[in-house]
Amino acid sequence: MKKYSVVADPRVADDLKEARDFLNAKRKGFGTKFLTEYRSFLKTLQTNPDFQIRYKNIHCLPLKSFKYMVHFAINTENKIVQIYAVLSTHQDPNKNWL
């Protein structure tokens with residue numbers, strides 16, 4: 001089985017930094033744990049990205065330990081997963097979405 005390439009929109013880096021800073025402010029080390037879990041989920045997306053479509057062909061994958069969701073699309077022809085956002089499930093998605 002061929003692995004998918006995972007590509008993130010440049011704004012995802014801002015989402016990750018914001019989440020890390022917020023979680024570290026809540027409890028020391030939480031931001032690092034968040035990023036570790038996110039990286040683990042990237043490996044999952046490389047091998048099996050077929051998660052639930054939530055809207056307009058956008059798939060969503062909730063992180064297990066944190067209330068954040070990865071929003072992405074799949075190009076099956078080219079085997080590419082495009083990540084568009086990593087958002088808190090407690091925030092208004094219209095405020096943060098593209």
Side-chain angles (χ1 to χ4, degrees):
M1 176 187 227
K2 185 179 176 197
K3 284 188 173 183
Y4 284 76
S5 297
V6 178
V7 179
D9 184 282
R11 291 172 275 202
V12 170
D14 294 334
D15 293 344
L16 296 173
K17 182 182 181 313
E18 183 180 314
R20 183 199 65 206
D21 293 348
F22 173 77
L23 292 166
N24 276 336
K26 291 287 186 186
R27 185 169 171 189
K28 187 176 180 173
F30 259 26
T32 302
K33 288 181 181 183
F34 167 79
L35 292 176
T36 299
E37 186 171 315
Y38 171 76
R39 287 185 200 103
S40 173
F41 272 64
L42 293 181
K43 292 177 186 175
T44 299
L45 290 176
Q46 287 180 323
T47 57
N48 182 21
D50 294 316
F51 290 89
Q52 179 183 18
I53 294 177
R54 293 286 178 109
Y55 55 93
K56 298 181 183 178
N57 291 328
I58 299 295
H59 299 254
C60 291
L61 176 62
L63 298 180
K64 289 180 182 176
S65 302
F66 298 93
K67 296 189 186 301
Y68 284 81
M69 194 170 292
V70 181
H71 298 250
F72 61 95
I74 304 170
N75 180 325
T76 53
E77 185 177 310
N78 295 321
K79 297 282 190 182
I80 296 173
V81 174
Q82 175 70 45
I83 299 175
Y84 291 107
V86 179
L87 302 175
S88 169
T89 58
H90 290 289
Q91 294 177 344
D92 178 3
N94 294 321
K95 173 184 157 208
N96 294 310
W97 191 238
L98 303 173

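Note that these values count all heavy atoms, side chains included, but never hydrogens, waters or copies made by symmetry.
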(message) For a 4.5 angstrom cut-off between non-hydrogen side-chain atoms, does Phe41 reach Lys64?
(response) yes

(request) Locate the shortest heavy-atom distance separating Cys60 from Tyr55; write the atom from each residue and the value. (result) SG-CE2, 4.1 Å

(message) So Tyr38 and Val86, do their side chains get closer than 4.5 Å, heavy atoms only?
(response) yes

(request) Please write out which residues are connected to Met69 in a hydrophobic cluster, directly or through intermediates, given that two of Ile, Leu, Val, Met, Phe, Trp, Tyr count as joined at side-chain heavy-atom separations below 4.5 angstrom. (result) none

(request) Can you run down the salt bridge (charged side-chain N to carboxylate O under 4.0 Å, His left out) pairs that involve residues 21-38, sequence neighbours left out, and say none if there aren't any? (result) Lys17-Asp21

(request) Report the C-alpha distance between Val70 and Val12 in whole Å, list the side-chain angles of each, state the deciding distance to 0.1 Å, and finish with yes or no for side-chain contact (heavy atoms from CB on, under 4.5 Å). (result) CA-CA 10 Å; Val70 181; Val12 170; over 6 Å; no

(request) Check whether any side-chain N or O of Ser88 sits under 3.5 Å from a backbone N or O of Tyr68 as a donor-acceptor pair, and report yes or no. (result) no

(request) To the nearest 0.5 Å, tell me how far Leu45 CG sits from Ile80 CD1. (result) 13.5 Å

(message) What I'd like to find out is whether the side chain of Tyr4 reaches to under 4.5 Å of the side chain of Thr47, using heavy atoms alone.
(response) no

(message) Could you report the tightest heavy-atom contact between Ala73 and Ile58, atom names first, then the distance?
(response) CB-CD1, 4.2 Å

(request) Flag the pair Phe72 / Ile74 as yes when at least one side-chain heavy-atom distance between them is below 4.5 Å, and no otherwise. (result) yes

(message) Can you list everything that forms a side-chain contact (heavy atoms from CB on, under 4.5 Å) with Asn57? Sequence neighbours excluded, please.
(response) Ile53

(message) Ala13: which residues meet the side-chain contact (heavy atoms from CB on, under 4.5 Å) condition with it, sequence neighbours left out?
(response) none

(message) With heavy-atom distances below 4.5 Å as the criterion, would you say the side chains of Gln46 and Val81 are in contact?
(response) no

(request) Check whether any side-chain N or O of Asp15 sits under 3.5 Å from a backbone N or O of Ala85 as a donor-acceptor pair, and report yes or no. (result) no

(request) Please name all residues satisfying ring-ring contact (aromatic ring centres under 6.0 Å, His included) with Phe66, sequence neighbours left out, ordered by chain then number. (result) Phe30, Phe34

(message) Quick check: is Leu16 connected to Phe22 through a chain of hydrophobic side chains (ILVMFWY, heavy atoms under 4.5 Å apart)?
(response) yes

(message) Applying the side chain to side chain contact (heavy atoms under 4.5 Å, CB included) criterion to Gln82, which one of Asn75, Val6, Asp9 satisfies it?
(response) Asp9

(request) Report the distance from atom CD of Glu18 to atom CG of Leu23, rounding to the nearest 0.5 Å. (result) 10.5 Å

